[in-house]
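Computed from a predicted structure; not experimentally measured.
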Amino acid sequence: VVSTFPKNRYAMMSGTSMATPFATGMAARLLSRDEALLNMARDANRADAIIRMLSQSARKMGWSDKYSGFGVLQ
């Protein structure tokens, strides 16, 4: 992930510190397109529906599940 870096620079970074904000942003983007899901009560059913939405939006890349989980969000 390209991220901001000290002294007004950008740098390629990896790891959970970069993956978490990316996945959160993608979840928000996908959620904004699904009015029914967006308007669900904020409970465990909604959380499960969001996880299903994200896993269905992920594309397998051919890597081991050990490294890629559900795949790459797109």
* Asked: Would Met12 and Tyr10 show up in the same hydrophobic cluster when neighbours are defined by side-chain heavy atoms closer than 4.5 Å?
  -> yes
To the nearest 0.5 Å, atom CG of Asp34 lies from atom CZ of Arg29 at 14.0 Å
Taken to the nearest 0.5 Å, the spacing of Thr24 OG1 from Leu31 CG works out to 12.0 Å
Evaluation steps, side chain to side chain contact (heavy atoms under 4.5 Å, CB included), between Ile51 and Gln56: CA-CA 9 Å; Ile51 291 168; Gln56 291 168 356; over 6 Å; no
Judged by atom type as modelled, is there a donor-acceptor pair below 3.5 Å linking the side chain of Asp43 to the main-chain atoms of Arg46?
yes
In this structure, CE of Met26 is separated from CG of Leu54 (nearest 0.5 Å) by 8.0 Å
Heavy-atom nearest pair, Ser57 first then Leu30, reads OG-CD1, 3.5 Å
Minimal heavy-atom distance between Met53 and Leu37, with the atoms involved, is SD-CD2, 3.9 Å
Determine whether a donor-acceptor pair (N or O, by modelled atom type, separation under 3.5 Å) exists between the side chain of Thr20 and the backbone of Ser17.
no
